[in-house]
> 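One structure, pasted below without further comment.
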Amino acid sequence: MSILKTIQKIIEKVLADMGISQSLDFKVEVPPQDDLGDFSTNAAFLCSKILRKSPKVVADEISEKLRQLDTFVRVDNINGFINMFLDHSVYQMTCAGIISNPRNIGKSNIGNGENIQFEFVSPNPTGPLTIAHGRQAVIGDVLCNIFDESGYNVQRELYINDAGQQIEYLSKSVWIRYNELFGIKHELPEDGYHGEYIIDVAKEFKNEYGDKYKDIWNEEVNDFFKEYSLKKMLSMIKQTLKRLGVNFDVYFSEKLLIKEKIVSRILDTLEKSDSTYAKDDAVWFKVSKYIDENDKVLIRSTDNRATYFCDDIAYHYYKYHRGFTKVYDIWGADHQGHIPRMKASMKALGIPDDFFNVILHQFVTLKKGDEVVRMSKRAGNFVTLDDLIEEVGTDATRYFFAMIDPDTPMNFDLELAVKKSSDNPVFYVQYAHARISSILKQAEERKIDFKMFEGLSEVKEKEELLLIKELSLFSNVVAEAAKNRKTNFITTYLEKVSSRFHTFYTKHSILNTDNSQLIQARLNICLATKIILERGLALLGVSAPDKM
RNA sequence: GUGCCUGUGGCUCAAUUGGAUAGAGCAUUGGACUGCGGAUCCAAAGAUUGCCGGUUCAAUUCCGGCCAGGCACGCCA
């Protein structure tokens, strides 16, 4: 059990002894200044209302009881905050605990094996992935890692929008470029795809099929071009995701919804709950029955096909019946207006309110120093996710996207991301890891017989204790990250650990002392730190290099 | 106009979701190695948390009203 949890339990017991029967949501935390105490709690504030006494008086009472326990060497209270100091042995044991169980150190079971799904990236398969997809991919992938670590049964899914109008434009665009290769000019429609990559696909097509489809356009040809272009686009997208280190469990095709007749099923269900009506030759969903918004079309009058909204309802209905208790969709901020009506539709289908969840992220601006790099969908000057990975590497791409709160509009500084100095948080953390690796190797070269768990009773310096205390918080940080769905909790934490380590390293010699037990102790601290850094970086999908 | 997001030292971001003297990094200034990676560390200076009210032991956080920026308000996705 982590130190935090142990203290929590102790305080719970003390409160019970004081006659407080209800469970209070008090916190055990690290005080804002190191010298205030090792850990602190706000329990007195919460009790003061129940006991009808001032926080200060309650804090005195609680502190007095805590002092009687031998867990604490000292208990202070200031302005109602109770600050506790622990015996060094607690940290010595914590360090040993990390080393003895490296694989499970961040794991918890708050998820209790619950089946959940994250759906993200879900592109139109009509072009390369963009920077925004990159942010989404990283947020999604890292959250999956975090939830996985927290005891959830997580599935990663990407939805392929491969049945709509956009695919028609794609196929036509490729066909037109293909014909251009034979000198045959057709007007590329405004709605078509103008990017360079379309020409590449056309060239590949020509290499495979020659002039077989030159200047021939009918339904059959269209289908053929559709299938071909779609395959190319998907393999391009998958390749980019692979470079980014993101792997999906399921690639879900929109076509499957049609094949399985899910759309007609939900239309029936919605009709039964009196949530639809016909008007102007279209079928509408009564959004206004559930929330204060306008009704939306489900089936278009123009071609009798389902709208995006309708497909999305069907898709999420299907997800529900696939057995997930919760799904999380990660969407760009431009889809925010879609959320309330989706929630309304879930309600209409009788799906529990907490099933459908959306994590929104704000947009990304690229910066090179002070200069803003403009992105636009027009061919030529639009920066793809591939371009970004090419420029700064997978590690920096992932770390940077993970370190910014999804709600914050992000400035991605290309110059900073490739810097090899402490300005760059990726390098700062990775450097700490590499430094430790180097020390451990050095110990080996000096023929020091490193023994795990040995010498830990020598641990008593402030910098050692602060470092271990930080390490002890890891499992808690992972759990909080899951609860709050914040990937940046992990990056912030790793930077803190790295900083604590560098401070410890600078102040205390690890290998160059004549106390062999102390050398053992400090090597153990190094190993524990290395384990935590590795585990944390693994959650981010960022490498932990031994050399840089 | 309506809804959502954002506003924190010169810059980029935090703040354990209502807690203590609002924290880091960059930039600025001044320091620290004849030993394990100086790609590091220590310190100084720099903030009326956009503005005004409210709620309470306590507000960057919650509520109301303004101001500024972004996004969305289609039989597009």
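Below, each value reflects all heavy atoms present in this structure, side chains not excepted, and no hydrogens, waters or symmetry copies. Letters A, B, ... are given to chains in the order of the sequence lines, protein chains preceding strands, and every chain is numbered from 1.
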> Out of B:A77, B:C71, B:G37, which has the shortest distance to the side chain of A:D334?
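Nearest nucleotide to the side chain: B:C71.
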> When you measure from the side-chain N and O atoms of A:K483 to the phosphate of B:U17, is any distance below 4.0 Å, counting only OP1 and OP2?
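A:K483 to B:U17 OP1/OP2: no side-chain N or O under 4.0 Å.
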> Under 4.0 Å: is that the gap between some side-chain N or O of A:S40 and OP1 or OP2 of B:A20?
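Result: no.
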> Provide, to the nearest angstrom, the distance between the CE atom belonging to A:M548 and the C1' atom belonging to B:G38.
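Atom-to-atom, A:M548 to B:G38, this comes out as 15 Å.
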> In the 5'-to-3' direction, what one-character label does each nucleotide of nucleotides 6-13 of chain B receive under the scheme B = base within less than 4.0 Å of a protein heavy atom, S = sugar-phosphate only, - = no such atom?
S-----SS
> Return no unless some side-chain N or O of A:K27 is found under 4.0 Å from OP1 or OP2 of B:G19.
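Checking A:K27 against B:G19: at least one side-chain N or O falls below 4.0 Å of OP1 or OP2.
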> For A:I139 and B:C5, give me the distance from atom CD1 to atom P, rounded to whole Å.
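In whole Å, B:C5 P and A:I139 CD1 are 16 Å from each other.
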> What verdict does the ring-ring contact (aromatic ring centres under 6.0 Å, His included) test give for A:F147 and A:Y328, after you've listed the backbone C-alpha separation in whole Å, the side-chain angles of each residue and the deciding distance to 0.1 Å?
CA-CA 11 Å; A:F147 273 75; A:Y328 296 91; 5.6 Å; yes
> Using both distances under 3.5 Å as the test, list the Watson-Crick or G-U wobble partner of B:C71, or none.
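Here B:C71 is engaged in a pair, and the nucleotide opposite it is B:G3.
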> Find the distance A:Y428:OH to B:C41:C1' and express it as a whole number of Å.
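Atom-to-atom, A:Y428 to B:C41, this comes out as 8 Å.
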> Could you tell me the separation between the OG atom of A:S63 and the CZ atom of A:F72, rounded to the nearest 0.5 Å?
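It comes to 10.0 Å.
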> I need the CD-C1' distance between A:Q166 and B:G74, as an integer number of Å.
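Distance check: A:Q166 CD to B:G74 C1' gives 14 Å.
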> To the nearest 0.5 Å, tell me how far A:L518 CG sits from A:H508 NE2.
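With rounding to 0.5 Å, CG (A:L518) is 9.0 Å from NE2 (A:H508).
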> What's the CZ-P distance between A:R341 and B:A72, to the nearest Å?
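Rounded to whole Å, this separation is 13 Å.
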> Within the structure, does a side-chain N or O atom of A:Y169 lie under 4.0 Å from either OP1 or OP2 of B:C76?
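For B:C76, OP1/OP2 do not have a side-chain N/O of A:Y169 under 4.0 Å.
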> Look at the aromatic rings of A:W284 and A:Y277 and report parallel, tilted or perpendicular, splitting at 30° and 60°.
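The rings of A:W284 and A:Y277 lie parallel, inter-plane angle below 30°.
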> Does B:U17 count as syn, meaning its glycosidic angle lies within 90° of 0, or as anti?
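Syn conformation for B:U17.
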> CD1 of A:I313 versus P of B:C75: gap in Å, rounded?
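Those two atoms, CD1 and P, are 14 Å apart.
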